[in-house]
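As the structure lists them, so they are numbered: ligands from 1, and atoms in each ligand from 1.
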Amino acid sequence: MRPTIGVLALQGDVREHFHALAECGADPVNVRRESELAAVDGLVLPGGESTAISKLLEVFGLLEPLRQRLREGMPAFGSCAGMILLASEVLDTRPDAQSLSGIDMTVRRNAFGRQVDSFETDVDFTGLDDGPVRAVFIRAPWVERVGDGVQVLARVPSGPAEGRIVAVRQGNVMATSFHPEVTGDLRVHRMFVNSVLAPAER
Ligand code: GLN
């Protein structure tokens, strides 16, 4: 069975996720309106600019429908800006930015410093075999606090940000600070597609 997985297509790197999802055996579709959201089995929130996507979620009338589907247990995966949107609390964002509370966590936006535009490193990722994941960080957030039900999947292995949480999961919702969609390594997307096929009980 090929699950239908939406990619929130308001702004950001939509195409890369589309490609990765199709490679993993899903049918990707764009989500820009409520009827499209209602038709998907799971949703990817791409990287981009979280404050812009937040604004567009309001403009397109998607904010409440999306919160509702997350409350009902829809599987979701957010990378970078998508992680920021899925948080319950965001530090260093605009006061009017909205969050979706898909994961009980506090995320700091642009946490690695504004000067640190992008960098790459290998991270060990809980639940993935065959070695570490190449993590590409682009003006990335990190996670400063996680609630009780949240599993930490990856941390920065070394350097000034050593130990910072950069991948998490709570129930059927996953988030990474980095961009697995740009490396050609499909393991993170495959993990998400599997959780869409067999969502955890709530
Ligand atoms: N810094 C961006 C934001 O605040 C996220 C960057 C990204 O998604 N690559 O939304």
For ligand 1, is there an N or O atom under 3.5 Å from any N or O atom of Gly47?
no
Side chains of Glu64 and Gln68 only: does a donor on one sit below 3.5 Å from an acceptor on the other?
no
Six-ring centre of Trp142, Arg164 cation under 6.0 angstrom, axis tolerance 45°
yes
Under a 4.0 Å heavy-atom limit, does Ile84 contact ligand 1 with its side chain, its backbone, both, or neither?
side chain
Pick one: which of Asp124, Thr176, Leu153, Leu128 meets side-chain contact (heavy atoms from CB on, under 4.5 Å) with Val133?
Leu128
When you measure from atom 5 (C) of ligand 1 to each heavy atom in Ala52, Ser50, Ser177, Gly48, which option holds the nearest one?
Gly48
protein heavy-atom neighbour closest to atom 1 (N) of ligand 1 works out as Asn110 OD1, 2.7 Å
Under a 4.0 Å N-O cut-off, is there an ion pair linking Arg187 with Asp129?
no
Counting each atom of ligand 1 from 1 as listed, which ones have a heavy atom of Ile138 under 4.0 Å away?
6 (C), 7 (C), 9 (N)
Parallel under 30°, tilted from 30 to 60°, perpendicular over 60°: which one fits the rings of Phe137 and Phe119?
parallel
Between Arg109 and ligand 1, which residue portion shows a heavy-atom distance shorter than 4.0 Å: side chain, backbone, both, or neither?
side chain
Taking distance alone, with no angle check, do Arg139 and ligand 1 share an N/O pair under 3.5 Å?
yes
For Glu49, run the salt bridge (Lys or Arg N to Asp or Glu O under 4.0 Å) check against Arg109, Arg139, Lys55 and tell me which one passes.
Arg109
Of the protein's non-hydrogen atoms, which lies at the shortest distance from atom 7 (C) of ligand 1, and what is that distance?
Cys80 SG, 2.8 Å
